[in-house]
2 protein chains.
Amino acid sequence: MSIRDVAAQAGVSPATVSRVFTRPDTVAADTRRRVIAVADELNYTPHPVARSLAQGRTGTIGIVVPDIANSFSAVTIKAVQKEARRDGFTLFVAGSDEFALDEERWARAMAAQVDGLLLVSPQMSDDTLLALAGMTPVVMTNRLLDGIPAVLTDAYEATGHAVEHLYALGHRELVYLAGPDGYSNEVRLRGFRDACGRLGIAASELGPFSARFSAGLRAGDLVLATSATGVVAYNDEVAVGVINRLADRGIRVPQDVSVVGHDDTQLAEMVMPRLTTVRIPAAAAGAAALGMLLDMVAGRDGAVHGPLRLPGELVVRASTGPAGPVGGKDEDDRS
Amino acid sequence: MSIRDVAAQAGVSPATVSRVFTRPDTVAADTRRRVIAVADELNYTPHPVARSLAQGRTGTIGIVVPDIANSFSAVTIKAVQKEARRDGFTLFVAGSDEFALDEERWARAMAAQVDGLLLVSPQMSDDTLLALAGMTPVVMTNRLLDGIPAVLTDAYEATGHAVEHLYALGHRELVYLAGPDGYSNEVRLRGFRDACGRLGIAASELGPFSARFSAGLRAGDLVLATSATGVVAYNDEVAVGVINRLADRGIRVPQDVSVVGHDDTQLAEMVMPRLTTVRIPAAAAGAAALGMLLDMVAGRDGAVHGPLRLPGELVVRASTGPAGPVGGKDEDDRS
DNA sequence: CATAATGATGAAACCGGTTTCAGAAACAGT
DNA sequence: ACTGTTTCTGAAACCGGTTTCATCATTATG
């Protein structure tokens, strides 16, 4: 059960057994064989907690996401987990329900027992972030703060492309549905505004809305009260919510109104009409962030130079279409 | 930084400091105050790993789900996390991508460093399960195995209700789209078959399909090759996939074909038409399972008597409708 | 007042590993 | 045969807490 039992049984010292499991090459071949034989006869396996204490590293990294149930988070987690396992690390996952206080609490709780912390779109204060970074290596995504390495998914250009796309389809009045305050929303909004300005399109904003379907429903009603024919939503869930509400009110997408989302979550391909959206490379961002983090953990200081920017990309599907003068498009647009 | 530093600074023994943090009531009020003062002046906080080693418990429970990105899993995780935190436990999350080998690996890796293990719809072998249960307290959901406490979400009746619902709408030929082998699929299939038998409906099966949207697309084509007018899918994602593919082929839901899903994930309300589905109480099941697990961990042996069964419930929405002789229903069924 | 019970504290063992350091043994070179 | 390396192993300290047990001071009890 313990290392001393194995040692006794194999007639060696605990130190040797330990070596067999940590640096096998430093122990003579036959000794090693004997120890291993005894070990798996007793089916002994080193106690991870004890090992962590002794080595001062846990082989664990923590990740805090805004909302586990959100498909965007899920994709990130998945990518990170895959990367982490490749390097022999396991993952502590916490979801904060977009609630900054929870987020901080989880992060602090984890900070003490992980080798590094990956914060996805953190909402907490700068001070808190810096405090955390003082306790353990921290990398974050979609948040910019001097002194903490970050991976940014930069939708600025792609959001602009979305606007251009709508412009090309004839839309002349657009509305942006804001998400929760933070880097992502700010960049998307800026991309939207700047492109509208450049093209001379009437641009307005609604929100902020929480980044959920239900908020999208509500947003849908508000959109109805405007005369906009094109909607750019903070994320796909909101976009889908809008489309649903509009449908309930007899407004068809894309015939009457065009809608663009953000993130390109699984949802985008599942709904009808399939959603035109700005793809955010969540998996790539997660993997990259983890890579940086592991570099920091291992003392290989990569990454310390400026944040990494990964561009988004407009994906055109079926929720955007020509702006009709009064919505007089033909009904059948199946491809 | 360490407990001895605090002890020295406060002029007490390490033991006393430890007591202040574990059973504050056993130390004199003024001593306690002094220690606390010193502690947060040095902003000392007990090292969780060391504490775990000494106490023999980690304050951590592990959960393994089939697929983090699946909304059903996400809901479960969320519920479990909420419960866990209430009791001061943190969560280790692992997703197995529906791959039994991964699942086993994760479970084993976790088993050694958590106080208990929660397995959601595990696919691994009985032997492996029992081996795990021998290492640490284990509770599972949607899997039945003697000797391991479980929470079962029992869709049998509700799936039958779905069949009756379709029958009442005039459907006389139904097809079931099987999911991955396992308890859930088995129960759903049985509920489907028995109800069809009872009502004298023609029943066939296709699959098994993996429980994903993409598999649903494929299933949609296969459905087209049958003459069934009613489809009962293993889960919502598959159901939505079917609907999409049918739409691409010009078949309307629910006018031409009715579709029922399972799980009642967020997706069900997001798609159009909104999905009629058998709600599975994932959150309740997760919470209940965690409750049992914590009982076991704490030595309060609740739960050891037989598995807990939570019934499903048919939720009728807009993806099911009257079976027309040749689909000659009116087009406008907005509520 | 003597004695028992109660309460607060510290010394030391312990949880289960890792790692430094030094010594023994084997080997190479001249 | 002698010295200098190299390889292998064990003793013991250590990681940072918790907990048992004994001690001592204090208060309650007869």
Side-chain angles (χ1 to χ4, degrees), chain A residues 1-40 42-60 88 109 111-115 135-136 299, chain B residues 1-40 42-60 88 109 111-115 135-136 297-299:
Chain A
M1 177 194 217
S2 104
I3 205 175
R4 332 229 176 214
D5 300 333
V6 178
Q9 182 83 16
V12 299
S13 79
T16 299
V17 178
S18 176
R19 276 188 278 259
V20 168
F21 284 95
T22 48
R23 294 187 316 283
D25 46 305
T26 66
V27 41
D30 51 346
T31 312
R32 190 188 328 140
R33 266 192 296 278
R34 186 153 36 95
V35 169
I36 289 180
V38 172
D40 56 35
L42 271 52
N43 70 61
Y44 161 84
T45 181
H47 192 317
V49 176
R51 174 176 284 199
S52 299
L53 180 59
Q55 294 187 145
R57 16 168 282 117
T58 58
T60 292
Q113 52 195 310
V114 298
D115 292 340
M135 317 176 53
T136 188
Chain B
M1 178 195 215
S2 105
I3 204 174
R4 332 228 178 218
D5 300 333
V6 178
Q9 182 83 14
V12 298
S13 78
T16 298
V17 177
S18 175
R19 275 188 278 258
V20 168
F21 283 96
T22 49
R23 292 188 315 283
D25 46 306
T26 66
V27 41
D30 52 344
T31 312
R32 191 191 322 145
R33 266 192 297 277
R34 186 154 35 96
V35 169
I36 290 180
V38 172
D40 55 36
L42 271 53
N43 73 60
Y44 161 85
T45 182
H47 192 317
V49 176
R51 175 177 282 200
S52 298
L53 180 58
Q55 294 187 147
R57 14 168 285 117
T58 58
T60 292
Q113 52 194 312
V114 299
D115 292 340
M135 316 175 55
T136 188
V297 170

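In the text below, chain A, chain B and the rest are named by the order of the sequence lines, each starting its count at 1.
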Val20(B) versus Ile36(B), closest heavy-atom pair with distance: CG1-CG1, 3.8 Å
Any Val49(B) side-chain heavy atom under 4.5 Å of Leu53(B) side chain: no
Whole angstrom value for the distance that separates C1' of dT7(D) from CZ of Arg23(A): 14 Å
Over all atoms of both residues, closest heavy-atom pair of Val17(B) and Ala7(B): CG2-CA, 3.7 Å
Considering all heavy atoms, the nearest Pro48(B)-Ala112(A) contact: CG-CB, 3.6 Å
Nucleotide interval of DNA chain C bounded by contacts with chain A (heavy-atom cut-off, under 4.0 Å): dG16(C) to dT20(C)
Minimum heavy-atom distance Val12(A)-Thr31(A), with the two atoms named: CG1-CG2, 4.1 Å
Over all atoms of both residues, closest heavy-atom pair of Ala10(B) and Val38(B): CB-CG2, 3.8 Å
Heavy-atom check, side chain of Arg23(B) versus side chain of Thr26(B), under 4.5 Å: yes
Atom-to-atom span, CG of Asp30(A) to P of dT9(D) - whole angstrom: 7 Å
Ile3(A) and Ser18(A), any side-chain heavy atoms less than 4.5 Å apart: yes
Residues in side chain to side chain contact (heavy atoms under 4.5 Å, CB included) contact with Asp5(A), at least two apart in sequence or another chain: Met1(A), Ser2(A)
Minimum heavy-atom distance Thr22(B)-Gln55(B), with the two atoms named: CG2-OE1, 4.4 Å
Side-chain donor/acceptor of Arg32(A) to backbone N/O of Pro24(A), under 3.5 Å: yes
Neighbours of DNA chain C within residues 31-38 of chain B, by heavy-atom distance under 4.0 Å: Thr31(B)
Nucleic acid contacts - residues 8-18 of chain B versus DNA chain D, non-hydrogen atoms under 4.0 Å: Ala15(B), Ser18(B)
Toward the 5' end of DNA chain D, by each residue's nearest nucleotide, Gln55(B) or Leu53(A): Leu53(A)
DNA chain D base-pair string [pairs: Watson-Crick or G-U under 3.5 Å; |: paired with another strand]: ||||||||||||||||||||||||||||||
Spatial distance of atom OG1 (Thr45(A)) from atom CE (Met135(B)) [nearest 0.5 Å]: 7.0 Å
Thr58(A): partners by side-chain hydrogen bond (donor to acceptor under 3.5 Å, both in side chains), with sequence neighbours left out: Asp115(A)
Between dT20(D) (P) and Arg19(B) (CZ): distance, integer Å: 11 Å
